[in-house]
Amino acid sequence: MYGIILAAGIGLRLKQEIKINCKSLIEINGQKLIEFSLNNLIDINVEKIIIVVGEDGELIKNAIGYKYKDVPIIYVLQPTPKGIVNAIIQSIPFVEGNDIALSLSDEMFIDCKAKEMLDFFKNSENAFVCGVTEESREAEIKKNYTIDVGEDNFIKRCIEKPKEILSFFKGTGFCLFRYEALEFLIKYNDEEKNAPVDLCDWINSLISIKKTGRYFIVAKEEVNINFFADYKYALSLFG
């Protein structure tokens, strides 16, 4: 399995509030934000890590280097910010037919169960497994994505920034995909038709062609850092 970290976002909303050069490199509890994702991938023994970067790419390369805890890192450029799916497509030529663990560079977890989620994935025949957290705050769910669920953890539908709450599961960027899900992107991605674009588009497209996926409660809590309030909240979790 390879890891893919999406780090091409410019973090404009956060940069407008605090003076930072690169959102992925802000420090929380003594480590860089992107290191939370790197360590989750190390925990599940990925063979290689692909980091998709944008205009802050050189800063990330200089800070992280080309190895992290002896795992090699490849950097792939997303020339223009065209969304999650476009970022993933840039990395596919370097995946070499492997299943992937997808992660976001601006996301951190409390009590992450990455290893358990990988075991769940390996013991299933599903095309993908989405990491979620249980969230009681509706506003937090509405800022992210949620899932409409069936029996036995199956995902019926994925909804980006839902207006109505279908479940109290908040979707995260930590998801596991078999290579067949990437092959689908190669075959069906059409930027002119604008589909699929985001993570939910991709998941719903897979479901539409009978590729099954399930959810796994991957952590006690997830924080996606987009605004200064998110950053302050993340700091508060460590006292």
Side-chain angles (χ1 to χ4, degrees), residues 3-9 11 13-14 23 33 36-37 40 52 78 81-89 91 100-110 112-114 117 120-121 126-178 181-182 184-185 188-189 194-209 211-227 229-230 233-234:
I4 297 178
I5 299 178
L6 304 185
R13 291 171 292 187
L14 193 59
K23 180 169 71 166
L33 181 54
F36 286 90
S37 295
N40 288 337
V52 183
Q78 184 184 26
K82 292 184 178 180
I84 285 178
V85 166
N86 179 268
I88 294 167
I89 286 170
S91 70
I100 66 159
L102 180 67
S103 191
L104 306 180
S105 69
D106 59 358
E107 183 175 57
M108 52 166 283
F109 297 98
I110 302 299
C112 185
K113 295 179 171 58
M117 181 166 155
F120 181 77
F121 177 73
N126 297 288
F128 60 93
V129 170
C130 291
V132 303
T133 59
E134 294 179 294
E135 178 59 71
S136 60
R137 297 169 295 173
E138 293 190 8
E140 287 300 310
I141 296 174
K142 289 180 178 180
K143 287 194 303 185
N144 293 274
Y145 75 87
T146 192
I147 50 175
D148 186 8
V149 301
E151 295 181 358
D152 202 23
N153 291 43
F154 279 101
I155 298 174
K156 295 164 62 178
R157 185 167 49 120
C158 180
I159 307 97
E160 179 77 17
K161 293 181 173 60
K163 293 181 179 179
E164 297 181 3
I165 302 300
L166 297 177
S167 72
F168 284 92
F169 292 123
K170 181 175 77 167
T172 79
F174 190 60
C175 301
L176 307 178
F177 290 92
R178 300 199 189 279
L182 297 178
F184 168 84
L185 280 185
Y188 289 101
N189 181 67
N194 208 36
V197 176
D198 61 33
L199 183 62
C200 287
D201 289 333
W202 183 20
I203 289 169
N204 291 333
S205 296
L206 289 169
I207 293 170
S208 74
I209 60 167
K211 299 293 184 182
T212 59
R214 298 165 82 183
Y215 69 88
F216 184 87
I217 299 173
V218 70
K220 179 180 178 181
E221 187 163 0
E222 176 264 10
V223 184
N224 189 246
I225 299 176
N226 289 308
F227 298 97
D230 302 324
Y233 180 70

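Heavy-atom minimum distance, Tyr145 versus Pro162: CA-CD, 4.3 Å. The minimum heavy-atom distance between Ala87 and Leu6, with the atom names listed, is CB-CD2, 3.9 Å. The shortest heavy-atom contact between Ala219 and Ile110 is CB-O, 3.4 Å. The heavy-atom pair separating Ala127 from Ala181 by the smallest distance is O-CB, 4.3 Å. Contact detail for Ser208 and Ser205: the closest heavy-atom pair is OG-O, 2.6 Å. When all heavy atoms of Lys82 and Gln78 are compared, the pair lying nearest together is N-NE2, 3.4 Å.
Asn204 meets the side-chain contact (heavy atoms from CB on, under 4.5 Å) test with Arg157, Cys158, Cys200, Ile207; sequence neighbours excluded. When the side-chain contact (heavy atoms from CB on, under 4.5 Å) test is applied to Phe154, the partners found at least two apart in sequence or on another chain are Asn126, Asp152, Thr212, Arg214. Partners of Asn40 according to the side-chain hydrogen bond (donor to acceptor under 3.5 Å, both in side chains) rule, which considers only residues two or more places apart in sequence or in another chain, do not exist here. With sequence neighbours left out, the side-chain contact (heavy atoms from CB on, under 4.5 Å) criterion links Ser105 to Ile5, Ala7, Ser24, Ile34. Residues meeting the side-chain hydrogen bond (donor to acceptor under 3.5 Å, both in side chains) test with Arg178, sequence neighbours left out: none. Looking at residues two or more places apart in sequence or on another chain, you find no salt bridge (charged side-chain N to carboxylate O under 4.0 Å, His left out) involving Asp198. Residues passing the salt bridge (charged side-chain N to carboxylate O under 4.0 Å, His left out) test with Lys211, sequence neighbours excluded: Glu180. Glu107 is linked by a salt bridge (charged side-chain N to carboxylate O under 4.0 Å, His left out) to nothing, counting only residues two or more places apart in sequence or in another chain. When the side-chain contact (heavy atoms from CB on, under 4.5 Å) test is applied to Ile165, the partners found at least two apart in sequence or on another chain are Glu138, Ile141, Lys142, Phe168. By the ring-ring contact (aromatic ring centres under 6.0 Å, His included) test, Tyr215 pairs with Phe169, sequence neighbours left out. When the side-chain hydrogen bond (donor to acceptor under 3.5 Å, both in side chains) test is applied to Ser103, the partners found at least two apart in sequence or on another chain are Ser37.
Between atom NZ of residue Lys220 and atom NZ of residue Lys113 there is a gap of 9.5 Å, rounded to the nearest 0.5 Å. The CG atom of Asp230 lies 9.0 Å from the CG atom of Asp106; values are rounded to the nearest 0.5 Å. In this structure, CD1 on Ile225 lies 6.0 Å from CE on Met108, to the nearest 0.5 angstrom. The OG1 atom of Thr133 lies 8.0 Å from the CZ atom of Phe109; values are rounded to the nearest 0.5 Å. Interatomic distance, Leu104 CG to Asn224 CG, rounded to the nearest 0.5 Å: 6.0 Å. The line from CD1 of Ile88 to CG of Leu185 is 6.5 Å long, rounded to the nearest 0.5 Å.
Between Ile217 and Val132, the closest side-chain pair of non-hydrogen atoms falls below 4.5 Å. A heavy-atom distance below 4.5 Å is not found between the side chains of Val85 and Asp201. With contacts defined as side-chain heavy-atom distances shorter than 4.5 Å, the pair Val52/Ile4 qualifies.
Within the 3.5 Å criterion, the main-chain N or O of Phe174 finds a donor-acceptor partner in the side chain of Thr172.
Tested against Trp202, the residues Phe177, Phe128, Phe184 include a single ring-ring contact (aromatic ring centres under 6.0 Å, His included) partner, Phe177.
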Query - Chi angles and distances behind the side chain to side chain contact (heavy atoms under 4.5 Å, CB included) call for Cys130, Ile147 - result: CA-CA 9 Å; Cys130 291; Ile147 50 175; 5.5 Å; no
Requested in this report: Assess whether side chain to side chain contact (heavy atoms under 4.5 Å, CB included) is satisfied between Lys143 and Phe227, documenting all intermediate values.
Outcome: CA-CA 12 Å; Lys143 287 194 303 185; Phe227 298 97; 5.5 Å; no
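Legend: side chain to side chain donor-acceptor pair (under 3.5 Å) pairs involving residues 160-170, not counting sequence neighbours, sorted by first then second residue: Thr146-Ser167, Lys170-Glu222.
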